[in-house]
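In this text the structure is predicted, and so the values were computed from the model without any measurement.
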Amino acid sequence: QVQLVESGGGLVQPGGSLRLSCVASGFTFSSYYMSWYRQAPGKERELVARITNVSGATNYADSVKGRFTISRDNRKNTLYLQMSSLKPEDTAVYYCKGPQGSWGQGTQVTVSS
């Protein structure tokens with residue numbers, strides 16, 4: 001079955017950086033678009049970034065453009081999210097989303113001094 005396992009979250013100061021990873025299994029990773037979402041306390045889950053499967057074309061939420069970079073390594077079945085210039089409002093649980101409505105368990109990112 002589809003399995004997505006995120007890692008890389010943590011506590012970081014404003015202006016800092018983190019790289020999230022999502023290791024996928026149970027499906028042909030290279031055949032599917034992949035996405036990162038996040039959910040802050042009391043808010044709805046929102047799309048952060050998406051990447052296509054072949055060309056690697058990307059799109060981002062306006063709130064993270066220029067600060068976050070989504071990428072993938074189809075040889076390693078891994079999705080990444082490089083986050084820079086982090087702000088307190090980036091604090092959320094970050095989720096990897098795959099095919100057939102599959103979600104990872106999430107990884108907590110907290111931006112605070």
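Linking ILVMFWY residues whenever their side-chain heavy atoms come closer than 4.5 Å, directly or via other members, leaves L20 and Y95 in distinct clusters. No path of Ile, Leu, Val, Met, Phe, Trp and Tyr side chains, each step under 4.5 Å between heavy atoms, connects V12 with V93, placing them in separate hydrophobic clusters.
Judged by distance alone, the side chain of R38 and the main-chain N or O of A92 form no donor-acceptor pair under 3.5 Å. A donor-acceptor pair under 3.5 Å links the side-chain atoms of S55 to the main chain of A57, judged by distance alone. The backbone N or O of Q105 sits less than 3.5 Å from a side-chain atom of E6, completing a donor-acceptor pair. Between the side chain of Y94 and the main chain of G8, no donor-acceptor pair closer than 3.5 Å is present. Side-chain atoms of T110 do not come within 3.5 Å of backbone N or O of L11 as any donor-acceptor pair.
Within the 4.5 Å cutoff, no side-chain heavy atoms of V109 are placed close to those of T91. In this structure the side chain of V54 never reaches within 4.5 angstrom of the side chain of T52, judged on heavy atoms. Under the 4.5 Å side-chain criterion, counting only non-hydrogen atoms from C-beta, L4 is not in contact with W103. A 4.5 Å side-chain heavy-atom check between S112 and P88 finds every atom pair outside the cut-off. Within the 4.5 Å cutoff, the side chain of L47 has heavy atoms near those of the S35 side chain. Using a 4.5 Å cut-off on side-chain heavy atoms (C-beta onward), R67 and K87 make contact.
V5 belongs to no hydrophobic cluster, as no Ile, Leu, Val, Met, Phe, Trp or Tyr side chain comes under 4.5 Å of its own.
With 3.5 Å as the limit, one finds no donor-acceptor pair spanning the side chains of Y37 and R45.
The number of heavy atoms from other shown groups lying within 6.0 Å of CD (E44) does not exceed 12.
To the nearest 0.5 Å, atom CD of residue E46 and atom OG of residue S63 are 5.5 Å apart. Residue S25 holds its OG atom at 7.5 Å from CD of Q1, rounded to the nearest 0.5 Å. To the nearest 0.5 Å, atoms OG (S71) and CZ (R19) are separated by 7.0 Å.
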Let me check something: any side-chain donor-acceptor pairs from residues 73-83 under 3.5 Å, sequence neighbours excluded? List them with distances.
residue : atom : partner : partner atom : Å
D73     : OD1  : R75     : N            : 3.0
D73     : OD1  : R75     : NE           : 3.4
D73     : OD1  : K76     : N            : 3.3
N74     : OD1  : R72     : NE           : 2.8
N74     : OD1  : R72     : NH2          : 3.4
N74     : ND2  : N53     : O            : 3.4
T78     : OG1  : K76     : O            : 2.8

Candidate pair F29 and M34, rule side-chain contact (heavy atoms from CB on, under 4.5 Å), full reasoning: CA-CA 9 Å; F29 181 75; M34 295 292 296; 3.7 Å; yes

Full working for side-chain contact (heavy atoms from CB on, under 4.5 Å) between I70 and Y60: CA-CA 9 Å; I70 187 172; Y60 297 91; 3.5 Å; yes

Residues V2, Q100; criterion side-chain contact (heavy atoms from CB on, under 4.5 Å); working and verdict: CA-CA 9 Å; V2 174; Q100 303 162 22; 4.1 Å; yes

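For an aromatic pair to be called close, the ring centres must be under 6.0 Å apart, and W36 with F68 fails this.
Classification of K65 and D62 as a salt-bridged pair holds, one side-chain N sitting under 4.0 Å from a carboxylate O.
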